[in-house]
Amino acid sequence: MAGDQVTLLDLWASPFGMRVRIALAEKAVKYEYSEQDLWNKGALLLQMNPVHKRIPVLVHDGKPICESLIIVQYIDEVWKDKAPLLPSDPYERAQSRFWADFVDKKLYELGKKIYTTKGEDQEAAKKDFIDSLKLLEGELGDKPYFGGKTLGYVDVALLPFYCWFYAYETIGNFNIESDCPKLIAYCKRCLEKESVSKSLEDPQKVYDFVVMLRKKFNWA
Ligand SMILES: N[C@@H](CCC(=O)N[C@@H](CS)C(=O)NCC(=O)O)C(=O)O
């Protein structure tokens, strides 16, 4: 809305932050981007998210909203005149929330296991990761987007992980496209949308970031 003061506390490589960036871009909301140092958290982040002390945080007219999926729902409710993200039907809304929650519980956790573990644990994570992507591929079916004809909540939740796939694949030495060609084709198609392409990061840069994390935390 005109006159809104919107600031996003974020970290460039964060898939959670990217969700918020896509949602704001879809709604054409102007905002100030504020990159945070997570190894030396600033006073603003600690004040705006005293519970989890994590990014992303959306600060709207001085009020903080935390947790990426909650932020995306908030954005959808506040800027409701443009590009609806959640369906209006209660059952379809519940389904969208289910799959977005699945992305958090499965893809994020398993992806992290791929670059923080080795040997059997890593192999198990890779298998579970592919199985989870196949379930998502089945849910997508032949639709252009998870919710149907337009980009919606589940797409916003999932697509940021696409720019992390190269890091998972390179570190885990496996190939996602060979097992999930339809899902990868969908991700590539979505990247043709400016709201998505400008919100995601270069996979090589993400990979370099993950390599840095592995060294820093002795995961390698
Ligand atoms: N469930 C949260 C996850 C956010 C999250 O894990 N943020 C990370 C960066 S990607 C963070 O701020 N980490 C700093 C910390 O945990 O101290 C969301 O969806 O927003």
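In listed order, ligands and their atoms are each counted from 1.
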Would you check whether I55 reaches within less than 4.0 Å of ligand 1, judged by its heavy atoms?
yes

State whether the shortest distance between N or O atoms of S68 and N or O atoms of ligand 1 falls below 3.5 angstrom.
yes

Salt-bridge test for D131 and K127: reply yes if a basic N is under 4.0 Å from a carboxylate O, no otherwise.
yes

Mode of L38 contact toward ligand 1 - side chain, backbone, both, neither (heavy atoms, under 4.0 Å)
side chain

Aromatic ring proximity, centroids under 6.0 angstrom, Y168 and F161
no

So which heavy atom in the protein is nearest atom 6 (O) of ligand 1, and how far is it from that ligand atom?
F16 CE1, 3.7 Å

Applying ring-ring contact (aromatic ring centres under 6.0 Å, His included) to W99 and Y153, what does each step give before you reach the verdict?
CA-CA 9 Å; W99 286 108; Y153 188 60; over 10 Å; no

Hey, are D10 and R21 close enough for a salt bridge, meaning a charged N less than 4.0 Å from a carboxylate O?
yes

Check ligand 1 against P56 and write out every atom of the ligand that is under 4.0 Å from a heavy-atom position of the residue.
20 (O)

Considering both backbone and side-chain atoms of E67, is one of its nitrogen or oxygen atoms within less than 3.5 Å of a nitrogen or oxygen in ligand 1?
yes

Atom 10 (S) of ligand 1: closest protein heavy atom, distance to 0.1 Å, is S14 OG, 3.4 Å

Run down the list Q36, H52, K41, R54 and name the one with the heavy atom closest to atom 17 (O) of ligand 1.
K41

Regarding K27 and D81, does a basic nitrogen lie under 4.0 Å from an acidic carboxylate oxygen?
no

Any ion pair linking E123 and K126 (charged N to carboxylate O, less than 4.0 Å)?
yes

